[in-house]
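Numbered from 1 within each chain, the chains take letters A, B, ... in sequence-line order.
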Number of protein chains: 2
Amino acid sequence: MARISSTDRRSALIEAALRVIGRDGIAAATTRAIVAEADMSLASFHYVFRSRDEMMHALVASLIEAQTLATLESIAESTNIHHALRAGLQAYFDVLTGNPHQEQALIELLMYSMRADDLADLPQVQYASYHRAVAHLLVTAAASARVEWVRPVPDIARTIVSITDGVTLAWLADRDTVASGRVLDFAAESIAVLARPLDPERELTP
Amino acid sequence: MARISSTDRRSALIEAALRVIGRDGIAAATTRAIVAEADMSLASFHYVFRSRDEMMHALVASLIEAQTLATLESIAESTNIHHALRAGLQAYFDVLTGNPHQEQALIELLMYSMRADDLADLPQVQYASYHRAVAHLLVTAAASARVEWVRPVPDIARTIVSITDGVTLAWLADRDTVASGRVLDFAAESIAVLARPLDPERELTP
DNA sequence: GTCTATAAAGTGATAGAC
DNA sequence: GTCTATCACTTTATAGAC
(Lines give C-alpha, C1' and ligand atoms only; values in the text may rest on other atoms or scores of the structure.)
Protein backbone atom coordinates (compact mmCIF):
# COMPACT_ATOMS: atom_id res chain seq x y z
CA MET A 1 0.00 0.00 0.00
CA ALA A 2 1.09 3.53 -0.74
CA ARG A 3 2.19 5.63 2.15
CA ILE A 4 -0.48 8.03 3.26
CA SER A 5 0.15 10.93 5.59
CA SER A 6 -1.10 10.58 9.11
CA THR A 7 -3.51 13.48 8.81
CA ASP A 8 -4.98 12.13 5.57
CA ARG A 9 -5.50 8.76 7.23
CA ARG A 10 -7.20 10.41 10.17
CA SER A 11 -9.72 12.24 8.04
CA ALA A 12 -10.26 9.22 5.79
CA LEU A 13 -11.06 7.09 8.83
CA ILE A 14 -13.33 9.75 10.33
CA GLU A 15 -15.27 10.04 7.08
CA ALA A 16 -15.50 6.26 6.81
CA ALA A 17 -16.79 6.05 10.37
CA LEU A 18 -19.47 8.63 9.63
CA ARG A 19 -20.57 6.66 6.58
CA VAL A 20 -20.76 3.43 8.58
CA ILE A 21 -22.74 5.08 11.38
CA GLY A 22 -25.11 6.65 8.87
CA ARG A 23 -25.65 3.37 7.07
CA ASP A 24 -25.73 0.84 9.92
CA GLY A 25 -25.88 2.78 13.18
CA ILE A 26 -23.33 3.59 15.86
CA ALA A 27 -23.45 0.08 17.30
CA ALA A 28 -22.14 -1.28 14.00
CA ALA A 29 -19.25 1.19 13.86
CA THR A 30 -16.58 -1.24 15.05
CA THR A 31 -12.94 -0.62 14.19
CA ARG A 32 -13.13 -3.49 11.70
CA ALA A 33 -16.20 -2.09 9.94
CA ILE A 34 -14.55 1.33 9.75
CA VAL A 35 -11.24 0.14 8.31
CA ALA A 36 -13.12 -2.04 5.81
CA GLU A 37 -15.11 1.04 4.73
CA ALA A 38 -11.88 3.01 4.42
CA ASP A 39 -10.13 0.07 2.73
CA MET A 40 -7.30 -0.02 5.27
CA SER A 41 -5.83 -2.60 7.58
CA LEU A 42 -6.77 -2.78 11.22
CA ALA A 43 -3.23 -1.87 12.22
CA SER A 44 -3.42 1.38 10.24
CA PHE A 45 -6.30 2.42 12.44
CA HIS A 46 -4.24 2.09 15.57
CA TYR A 47 -1.29 3.75 13.93
CA VAL A 48 -3.15 7.07 13.81
CA PHE A 49 -5.62 6.60 16.67
CA ARG A 50 -4.63 5.34 20.08
CA SER A 51 -8.07 3.79 20.57
CA ARG A 52 -11.57 3.62 19.16
CA ASP A 53 -12.68 6.14 21.78
CA GLU A 54 -10.07 8.61 20.61
CA MET A 55 -11.42 8.28 17.06
CA MET A 56 -15.00 8.83 18.21
CA HIS A 57 -13.84 11.91 20.07
CA ALA A 58 -12.16 13.24 16.93
CA LEU A 59 -15.26 12.42 14.90
CA VAL A 60 -17.61 14.36 17.17
CA ALA A 61 -15.17 17.25 17.38
CA SER A 62 -14.84 17.46 13.61
CA LEU A 63 -18.60 17.42 13.17
CA ILE A 64 -19.02 20.37 15.49
CA GLU A 65 -16.42 22.31 13.57
CA ALA A 66 -18.05 21.45 10.24
CA GLN A 67 -21.54 22.38 11.37
CA THR A 68 -22.13 25.67 9.60
CA LEU A 69 -25.86 25.19 9.22
CA ALA A 70 -25.42 26.32 5.65
CA THR A 71 -28.78 24.76 4.87
CA LEU A 72 -30.57 27.69 6.47
CA GLU A 73 -28.68 30.31 4.48
CA SER A 74 -31.62 30.89 2.17
CA ILE A 75 -33.42 32.50 5.08
CA ALA A 76 -31.53 35.73 4.50
CA GLU A 77 -32.63 36.46 0.95
CA SER A 78 -36.29 37.41 1.10
CA THR A 79 -37.80 40.81 1.89
CA ASN A 80 -40.78 39.06 3.52
CA ILE A 81 -39.80 37.69 6.91
CA HIS A 82 -42.52 35.05 6.97
CA HIS A 83 -41.47 33.68 3.60
CA ALA A 84 -37.83 33.87 4.64
CA LEU A 85 -38.51 31.82 7.76
CA ARG A 86 -40.56 29.25 5.88
CA ALA A 87 -37.94 28.92 3.18
CA GLY A 88 -35.17 28.50 5.72
CA LEU A 89 -37.06 25.79 7.57
CA GLN A 90 -37.86 24.07 4.28
CA ALA A 91 -34.20 24.17 3.26
CA TYR A 92 -33.27 22.34 6.43
CA PHE A 93 -36.12 19.89 5.98
CA ASP A 94 -35.06 19.14 2.40
CA VAL A 95 -31.59 18.25 3.63
CA LEU A 96 -33.16 15.93 6.21
CA THR A 97 -35.46 14.13 3.78
CA GLY A 98 -32.73 13.96 1.16
CA ASN A 99 -30.22 12.42 3.53
CA PRO A 100 -32.00 10.97 6.57
CA HIS A 101 -29.12 8.66 7.47
CA GLN A 102 -26.84 11.60 8.13
CA GLU A 103 -29.25 13.31 10.53
CA GLN A 104 -29.84 9.98 12.24
CA ALA A 105 -26.08 9.58 12.66
CA LEU A 106 -25.81 13.07 14.16
CA ILE A 107 -28.46 12.27 16.76
CA GLU A 108 -26.84 8.95 17.62
CA LEU A 109 -23.49 10.68 18.03
CA LEU A 110 -25.12 13.33 20.20
CA MET A 111 -26.54 10.68 22.52
CA TYR A 112 -23.18 8.90 22.49
CA SER A 113 -21.39 12.10 23.51
CA MET A 114 -23.72 12.57 26.46
CA ARG A 115 -22.63 9.20 27.83
CA ALA A 116 -18.90 9.48 27.25
CA ASP A 117 -17.17 11.09 30.20
CA ASP A 118 -14.58 12.96 28.19
CA LEU A 119 -17.18 14.13 25.65
CA ALA A 120 -19.82 15.24 28.14
CA ASP A 121 -19.23 18.94 27.45
CA LEU A 122 -19.42 18.60 23.68
CA PRO A 123 -23.23 18.53 23.41
CA GLN A 124 -23.34 21.86 25.18
CA VAL A 125 -20.74 23.29 22.81
CA GLN A 126 -22.60 21.83 19.84
CA TYR A 127 -25.92 23.39 20.77
CA ALA A 128 -24.34 26.71 21.63
CA SER A 129 -22.96 26.66 18.09
CA TYR A 130 -26.37 25.82 16.61
CA HIS A 131 -28.06 28.59 18.57
CA ARG A 132 -25.42 31.14 17.64
CA ALA A 133 -25.62 30.26 13.94
CA VAL A 134 -29.42 30.53 13.85
CA ALA A 135 -29.31 33.78 15.83
CA HIS A 136 -26.98 35.23 13.25
CA LEU A 137 -29.32 34.19 10.44
CA LEU A 138 -32.25 35.78 12.24
CA VAL A 139 -30.42 39.09 12.50
CA THR A 140 -29.46 38.97 8.83
CA ALA A 141 -32.98 38.06 7.74
CA ALA A 142 -34.50 40.83 9.84
CA ALA A 143 -32.19 43.38 8.25
CA SER A 144 -33.11 42.18 4.74
CA ALA A 145 -36.81 42.33 5.49
CA ARG A 146 -36.52 45.63 7.34
CA VAL A 147 -38.07 44.31 10.55
CA GLU A 148 -37.00 44.06 14.16
CA TRP A 149 -37.55 41.18 16.55
CA VAL A 150 -39.78 41.96 19.52
CA ARG A 151 -38.29 39.08 21.54
CA PRO A 152 -34.64 38.43 22.37
CA VAL A 153 -33.00 36.87 19.32
CA PRO A 154 -31.33 34.07 21.36
CA ASP A 155 -34.77 32.94 22.56
CA ILE A 156 -36.14 32.85 19.01
CA ALA A 157 -33.05 31.02 17.81
CA ARG A 158 -33.44 28.35 20.48
CA THR A 159 -37.09 27.94 19.53
CA ILE A 160 -36.18 27.39 15.89
CA VAL A 161 -33.52 24.83 16.74
CA SER A 162 -35.94 23.02 19.03
CA ILE A 163 -38.61 22.90 16.35
CA THR A 164 -36.25 21.57 13.69
CA ASP A 165 -34.97 18.92 16.11
CA GLY A 166 -38.48 17.89 17.07
CA VAL A 167 -39.65 17.77 13.47
CA THR A 168 -36.57 15.71 12.66
CA LEU A 169 -37.29 13.08 15.30
CA ALA A 170 -40.95 12.78 14.33
CA TRP A 171 -40.19 12.59 10.62
CA LEU A 172 -37.47 9.99 11.12
CA ALA A 173 -40.04 7.96 13.06
CA ASP A 174 -43.02 8.12 10.70
CA ARG A 175 -41.70 9.74 7.48
CA ASP A 176 -44.87 11.83 7.24
CA THR A 177 -43.58 14.64 5.05
CA VAL A 178 -46.94 16.36 4.63
CA ALA A 179 -47.66 16.52 8.36
CA SER A 180 -44.11 17.70 9.08
CA GLY A 181 -44.58 20.43 6.51
CA ARG A 182 -47.67 21.66 8.32
CA VAL A 183 -45.70 21.88 11.57
CA LEU A 184 -43.11 23.98 9.77
CA ASP A 185 -45.91 26.15 8.33
CA PHE A 186 -47.20 26.86 11.79
CA ALA A 187 -43.72 27.50 13.15
CA ALA A 188 -42.93 30.03 10.43
CA GLU A 189 -46.24 31.83 10.99
CA SER A 190 -45.83 31.95 14.75
CA ILE A 191 -42.29 33.25 14.62
CA ALA A 192 -43.10 35.79 11.91
CA VAL A 193 -45.50 37.37 14.38
CA LEU A 194 -42.46 38.29 16.47
CA ALA A 195 -41.18 40.59 13.72
CA ARG A 196 -42.24 44.27 13.77
CA PRO A 197 -41.73 46.41 10.64
CA LEU A 198 -39.11 49.10 11.00
CA ASP A 199 -41.06 51.37 8.62
CA PRO A 200 -44.62 51.46 9.94
CA GLU A 201 -46.17 52.53 6.63
CA ARG A 202 -44.83 49.39 4.94
CA GLU A 203 -47.18 47.42 7.13
CA LEU A 204 -50.15 48.99 5.31
CA THR A 205 -48.91 48.17 1.81
CA PRO A 206 -48.29 44.45 1.69
CA MET B 1 -32.71 -19.10 44.48
CA ALA B 2 -36.46 -19.04 44.84
CA ARG B 3 -38.52 -19.96 41.83
CA ILE B 4 -39.91 -16.97 40.04
CA SER B 5 -42.65 -17.14 37.46
CA SER B 6 -41.65 -16.63 33.88
CA THR B 7 -43.73 -13.50 33.49
CA ASP B 8 -42.26 -11.94 36.65
CA ARG B 9 -38.79 -12.66 35.37
CA ARG B 10 -39.59 -11.10 32.05
CA SER B 11 -40.78 -7.84 33.58
CA ALA B 12 -37.92 -7.81 36.10
CA LEU B 13 -35.39 -8.15 33.27
CA ILE B 14 -37.11 -5.51 31.16
CA GLU B 15 -37.08 -3.06 34.06
CA ALA B 16 -33.45 -3.86 34.79
CA ALA B 17 -32.56 -3.29 31.13
CA LEU B 18 -34.28 0.09 31.19
CA ARG B 19 -32.32 1.07 34.30
CA VAL B 20 -29.02 0.02 32.73
CA ILE B 21 -29.77 1.92 29.52
CA GLY B 22 -30.78 4.99 31.50
CA ARG B 23 -27.65 4.88 33.62
CA ASP B 24 -24.98 3.78 31.14
CA GLY B 25 -26.50 3.96 27.65
CA ILE B 26 -27.77 1.35 25.24
CA ALA B 27 -24.25 0.28 24.27
CA ALA B 28 -23.66 -0.86 27.85
CA ALA B 29 -26.86 -2.88 28.01
CA THR B 30 -25.24 -6.28 27.52
CA THR B 31 -26.99 -9.41 28.71
CA ARG B 32 -24.46 -9.67 31.52
CA ALA B 33 -25.02 -6.09 32.67
CA ILE B 34 -28.76 -6.61 32.62
CA VAL B 35 -28.76 -9.84 34.64
CA ALA B 36 -26.35 -8.27 37.13
CA GLU B 37 -28.76 -5.35 37.54
CA ALA B 38 -31.64 -7.79 38.02
CA ASP B 39 -29.51 -9.99 40.30
CA MET B 40 -30.03 -13.08 38.20
CA SER B 41 -27.86 -15.60 36.46
CA LEU B 42 -27.09 -15.36 32.79
CA ALA B 43 -28.94 -18.61 32.14
CA SER B 44 -32.12 -17.19 33.63
CA PHE B 45 -32.07 -14.54 30.96
CA HIS B 46 -32.09 -17.12 28.19
CA TYR B 47 -34.71 -19.15 29.99
CA VAL B 48 -37.32 -16.45 29.43
CA PHE B 49 -35.89 -14.73 26.34
CA ARG B 50 -34.71 -16.60 23.29
CA SER B 51 -32.18 -13.88 22.55
CA ARG B 52 -31.09 -10.38 23.48
CA ASP B 53 -32.88 -9.04 20.44
CA GLU B 54 -36.13 -10.61 21.60
CA MET B 55 -35.74 -8.85 24.95
CA MET B 56 -35.06 -5.50 23.30
CA HIS B 57 -38.16 -6.01 21.20
CA ALA B 58 -40.20 -6.72 24.33
CA LEU B 59 -38.68 -3.68 26.06
CA VAL B 60 -39.62 -1.28 23.27
CA ALA B 61 -43.09 -2.81 22.97
CA SER B 62 -43.73 -2.47 26.70
CA LEU B 63 -42.59 1.16 26.65
CA ILE B 64 -45.05 2.00 23.90
CA GLU B 65 -47.85 0.38 25.83
CA ALA B 66 -46.88 2.18 29.04
CA GLN B 67 -46.64 5.56 27.35
CA THR B 68 -49.87 7.18 28.42
CA LEU B 69 -48.38 10.64 28.47
CA ALA B 70 -49.94 11.01 31.90
CA THR B 71 -47.59 13.89 32.50
CA LEU B 72 -49.69 16.14 30.33
CA GLU B 73 -52.95 15.32 32.13
CA SER B 74 -52.91 18.58 34.02
CA ILE B 75 -53.62 20.27 30.72
CA ALA B 76 -57.30 19.40 31.01
CA GLU B 77 -58.08 21.17 34.26
CA SER B 78 -57.92 24.88 33.54
CA THR B 79 -60.63 27.06 32.06
CA ASN B 80 -57.96 29.23 30.42
CA ILE B 81 -56.55 27.45 27.38
CA HIS B 82 -53.25 29.32 27.43
CA HIS B 83 -52.62 28.45 31.05
CA ALA B 84 -53.70 24.88 30.40
CA LEU B 85 -51.20 24.52 27.56
CA ARG B 86 -48.39 26.09 29.54
CA ALA B 87 -49.11 23.88 32.56
CA GLY B 88 -49.21 20.76 30.42
CA LEU B 89 -45.89 21.57 28.77
CA GLN B 90 -44.39 22.36 32.17
CA ALA B 91 -45.61 19.05 33.56
CA TYR B 92 -43.80 17.21 30.80
CA PHE B 93 -40.69 19.34 31.30
CA ASP B 94 -40.68 18.64 35.04
CA VAL B 95 -40.66 14.92 34.33
CA LEU B 96 -37.73 15.42 31.97
CA THR B 97 -35.63 17.48 34.36
CA GLY B 98 -36.50 15.20 37.25
CA ASN B 99 -35.49 12.08 35.39
CA PRO B 100 -33.27 12.96 32.45
CA HIS B 101 -31.78 9.48 32.21
CA GLN B 102 -35.16 8.00 31.38
CA GLU B 103 -35.85 10.40 28.54
CA GLN B 104 -32.34 9.83 27.25
CA ALA B 105 -32.98 6.09 27.31
CA LEU B 106 -36.22 6.54 25.36
CA ILE B 107 -34.44 8.47 22.63
CA GLU B 108 -31.65 5.92 22.43
CA LEU B 109 -34.20 3.13 22.15
CA LEU B 110 -36.02 5.07 19.46
CA MET B 111 -32.85 5.36 17.42
CA TYR B 112 -32.09 1.70 18.07
CA SER B 113 -35.54 0.69 16.82
CA MET B 114 -35.02 2.61 13.59
CA ARG B 115 -31.96 0.49 12.84
CA ALA B 116 -33.30 -2.93 13.83
CA ASP B 117 -35.03 -4.60 10.91
CA ASP B 118 -37.75 -6.27 12.92
CA LEU B 119 -38.41 -3.10 14.94
CA ALA B 120 -38.43 -0.69 12.04
CA ASP B 121 -42.19 -0.15 12.23
CA LEU B 122 -42.23 0.54 15.96
CA PRO B 123 -41.12 4.19 15.79
CA GLN B 124 -44.08 4.90 13.54
CA VAL B 125 -46.44 3.16 15.96
CA GLN B 126 -44.84 4.99 18.88
CA TYR B 127 -45.30 8.42 17.36
CA ALA B 128 -48.83 7.66 16.22
CA SER B 129 -49.53 6.84 19.86
CA TYR B 130 -47.94 10.10 21.05
CA HIS B 131 -49.89 12.15 18.54
CA ARG B 132 -53.16 10.44 19.37
CA ALA B 133 -52.67 10.95 23.11
CA VAL B 134 -51.87 14.65 22.75
CA ALA B 135 -54.78 15.12 20.34
CA HIS B 136 -57.10 13.63 22.93
CA LEU B 137 -55.75 16.01 25.58
CA LEU B 138 -56.25 18.96 23.24
CA VAL B 139 -59.89 18.05 22.73
CA THR B 140 -60.46 17.63 26.45
CA ALA B 141 -58.72 20.89 27.26
CA ALA B 142 -60.70 22.78 24.64
CA ALA B 143 -63.95 21.48 26.08
CA SER B 144 -62.95 22.54 29.60
CA ALA B 145 -61.97 26.00 28.44
CA ARG B 146 -65.00 26.32 26.15
CA VAL B 147 -62.94 27.02 23.05
CA GLU B 148 -62.61 25.39 19.64
CA TRP B 149 -59.43 24.82 17.63
CA VAL B 150 -59.23 26.72 14.37
CA ARG B 151 -56.70 24.25 12.94
CA PRO B 152 -57.00 20.47 12.65
CA VAL B 153 -56.30 18.93 16.04
CA PRO B 154 -53.88 16.32 14.62
CA ASP B 155 -51.71 19.12 13.24
CA ILE B 156 -51.64 20.92 16.58
CA ALA B 157 -50.88 17.65 18.37
CA ARG B 158 -47.94 16.93 16.10
CA THR B 159 -46.63 20.44 16.69
CA ILE B 160 -46.75 19.95 20.45
CA VAL B 161 -44.97 16.61 20.27
CA SER B 162 -42.31 18.11 18.01
CA ILE B 163 -41.76 21.01 20.38
CA THR B 164 -41.43 18.80 23.45
CA ASP B 165 -39.01 16.53 21.60
CA GLY B 166 -36.92 19.45 20.43
CA VAL B 167 -36.87 21.07 23.85
CA THR B 168 -35.86 17.70 25.28
CA LEU B 169 -32.86 17.29 22.98
CA ALA B 170 -31.65 20.84 23.59
CA TRP B 171 -32.09 20.60 27.35
CA LEU B 172 -30.32 17.24 27.52
CA ALA B 173 -27.45 18.88 25.63
CA ASP B 174 -27.01 22.11 27.60
CA ARG B 175 -29.28 21.74 30.67
CA ASP B 176 -30.40 25.35 30.27
CA THR B 177 -33.69 25.19 32.15
CA VAL B 178 -34.43 28.91 31.96
CA ALA B 179 -33.96 29.11 28.19
CA SER B 180 -36.00 25.93 27.68
CA GLY B 181 -38.78 27.47 29.77
CA ARG B 182 -38.88 30.49 27.47
CA VAL B 183 -39.28 28.20 24.45
CA LEU B 184 -42.22 26.54 26.20
CA ASP B 185 -43.66 29.99 27.01
CA PHE B 186 -43.58 30.92 23.35
CA ALA B 187 -45.03 27.57 22.30
CA ALA B 188 -47.97 27.89 24.70
CA GLU B 189 -48.70 31.43 23.52
CA SER B 190 -48.50 30.54 19.85
CA ILE B 191 -50.76 27.51 20.17
CA ALA B 192 -53.26 29.34 22.38
CA VAL B 193 -53.81 31.71 19.45
CA LEU B 194 -55.33 28.77 17.58
CA ALA B 195 -58.18 28.55 20.11
CA ARG B 196 -61.38 30.50 19.42
CA PRO B 197 -63.91 31.04 22.23
CA LEU B 198 -67.18 29.18 21.77
CA ASP B 199 -69.08 31.97 23.58
CA PRO B 200 -68.04 35.22 21.87
CA GLU B 201 -69.01 37.44 24.80
CA ARG B 202 -66.56 35.62 27.05
CA GLU B 203 -63.80 37.07 24.94
CA LEU B 204 -64.71 40.57 26.13
CA THR B 205 -64.66 39.74 29.83
CA PRO B 206 -61.29 38.26 30.60
C1' DG C 1 4.80 2.99 7.49
C1' DT C 2 2.24 -0.92 6.44
C1' DC C 3 1.19 -5.38 6.80
C1' DT C 4 -0.19 -10.35 8.94
C1' DA C 5 -0.85 -12.78 12.99
C1' DT C 6 -2.26 -13.07 17.48
C1' DA C 7 -3.06 -11.76 22.11
C1' DA C 8 -6.48 -10.48 25.76
C1' DA C 9 -10.93 -9.44 27.02
C1' DG C 10 -15.84 -9.37 26.26
C1' DT C 11 -20.06 -11.02 23.95
C1' DG C 12 -24.45 -13.95 23.20
C1' DA C 13 -25.84 -18.36 23.79
C1' DT C 14 -25.92 -23.29 25.48
C1' DA C 15 -24.92 -27.83 27.89
C1' DG C 16 -25.50 -30.37 31.71
C1' DA C 17 -25.45 -30.99 36.82
C1' DC C 18 -28.66 -30.41 40.52
C1' DG D 1 -36.38 -24.06 37.20
C1' DT D 2 -31.97 -22.54 38.39
C1' DC D 3 -27.36 -22.76 38.55
C1' DT D 4 -22.07 -23.10 37.05
C1' DA D 5 -19.08 -23.84 33.47
C1' DT D 6 -18.04 -23.37 28.91
C1' DC D 7 -18.44 -22.83 23.83
C1' DA D 8 -18.02 -20.17 19.66
C1' DC D 9 -17.41 -15.92 18.16
C1' DT D 10 -16.34 -10.86 17.98
C1' DT D 11 -14.08 -7.04 19.67
C1' DT D 12 -10.11 -3.80 20.66
C1' DA D 13 -5.46 -3.55 20.72
C1' DT D 14 -0.57 -4.95 19.98
C1' DA D 15 3.73 -7.54 18.44
C1' DG D 16 6.82 -8.31 15.05
C1' DA D 17 8.02 -9.28 10.07
C1' DC D 18 8.97 -6.61 5.97
**Student:** Can you tell me the distance, in whole Å, between the CZ atom of F49(B) and the P atom of dT14(C)?
**Tutor:**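 Roughly 15 Å, once rounded to whole Å.
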**Student:** Any heavy-atom pair between the side chains of V153(B) and V134(B) that's under 4.5 Å?
**Tutor:**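 Side-chain contact under 4.5 Å: no.
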**Student:** Within this structure, what is the CZ-to-C1' distance between F45(B) and dT4(D), rounded to whole angstrom?
**Tutor:**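 Atom CZ in F45(B) sits about 18 Å away from atom C1' in dT4(D).
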**Student:** dC3(D), OP1 or OP2 - any side-chain N/O from S44(B) closer than 4.0 Å?
**Tutor:**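 Checking S44(B) against dC3(D): at least one side-chain N or O falls below 4.0 Å of OP1 or OP2.
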**Student:** Counting side-chain heavy atoms from C-beta on, which of dT4(C), dT11(D), dA13(D) comes nearest to T30(A)?
**Tutor:**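 Of the options given, the side chain of T30(A) lies nearest dT11(D).
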**Student:** Taking the basic N atoms (NZ, or NE/NH1/NH2) and the acidic carboxylate oxygens, is any pair closer than 4.0 Å for R151(A) and D185(B)?
**Tutor:**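 Here R151(A) does not pair with D185(B) in a salt bridge, since their nearest N and O are not under 4.0 Å apart.
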**Student:** With heavy atoms under 4.0 Å as the rule, sort L42(A) into base, sugar-phosphate or nothing.
**Tutor:**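 Base: the residue L42(A), judged by heavy atoms under 4.0 Å, touches a nucleobase.
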**Student:** Please determine if a side-chain N or O atom of T31(B) lies less than 4.0 Å away from the OP1 or OP2 oxygen of dG12(C).
**Tutor:**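 Indeed, a polar side-chain atom of T31(B) lies that close.
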**Student:** Rounding to an integer number of Å, can you tell me how far Y47(B) OH sits from dT2(D) C1'?
**Tutor:**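 Going from OH in Y47(B) over to C1' in dT2(D) covers 9 Å.
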**Student:** Round to the nearest Å and state the distance from I34(B) atom CD1 to dA13(C) atom P.
**Tutor:**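 Checked: the CD1 to P distance equals 11 Å.
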**Student:** Would you say R52(B) places a side-chain N or O within less than 4.0 Å of OP1 or OP2 belonging to dG12(C)?
**Tutor:**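 It does, given that an N or O in the side chain of R52(B) lies less than 4.0 Å from OP1 or OP2 of dG12(C).
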**Student:** Is the distance from OP1 or OP2 of dT2(D) to the nearest side-chain N or O of R9(B) less than 4.0 Å?
**Tutor:**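 Yes.
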**Student:** Please report the distance, rounded to the nearest Å, between CG in D53(B) and P in dG12(C).
**Tutor:**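 That distance rounds to 10 Å.
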**Student:** May I have the distance from R10(A) (atom CZ) to dG1(C) (atom C1'), rounded to whole angstrom?
**Tutor:**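 Those two atoms, CZ and C1', are 17 Å apart.
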**Student:** Let's see if you can work this out: which of dC3(D), dA13(D), dT2(C) has an atom nearest to the side-chain heavy atoms of A43(B)?
**Tutor:**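 Nearest to the side-chain atoms of A43(B), counting from C-beta on, is dC3(D).
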**Student:** For dG12(C), does OP1 or OP2 lie under 4.0 Å from any side-chain N or O of S51(B)?
**Tutor:**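 Answer no for this pair, as no side-chain N or O of S51(B) is under 4.0 Å from OP1 or OP2.
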**Student:** Between the base of dG12(C) and the side chain of R32(B), is one N or O donor paired with an acceptor at under 3.5 angstrom?
**Tutor:**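 Between dG12(C) and R32(B), which were checked side chain against base, a qualifying N/O pair under 3.5 Å is present.
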**Student:** Answer yes or no: is there a donor N or O on one side and an acceptor on the other, between the side chain of H131(B) and the main chain of Y127(B), under 3.5 Å?
**Tutor:**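 Yes, because the side chain of H131(B) sits within donor-acceptor range (under 3.5 Å) of the backbone of Y127(B).
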**Student:** Relative to each other, are the rings of F49(B) and F45(B) parallel, tilted or perpendicular (30° and 60° limits)?
**Tutor:**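 Tilted, since the angle between the ring planes falls between 30° and 60°.
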**Student:** Of all the choices, dT2(C), dT14(D), dT4(D), which nucleotide is nearest to the side chain of H46(A) once you look at every atom?
**Tutor:**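 Comparing dT2(C), dT14(D), dT4(D) against the side chain of H46(A), the answer is dT14(D).
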**Student:** Rounding to a whole Å, what distance do you find between M55(B):CE and dA13(C):C1'?
**Tutor:**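 Nearest whole value for this atom pair: 14 Å.
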**Student:** Can you tell me the distance, in whole Å, between the CD1 atom of I26(B) and the P atom of dT11(C)?
**Tutor:**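 Computing the I26(B):CD1 to dT11(C):P distance gives 15 Å.
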**Student:** Hey, does the side chain of R115(B) reach the backbone of I26(A) with a donor-acceptor pair shorter than 3.5 angstrom?
**Tutor:**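 No.
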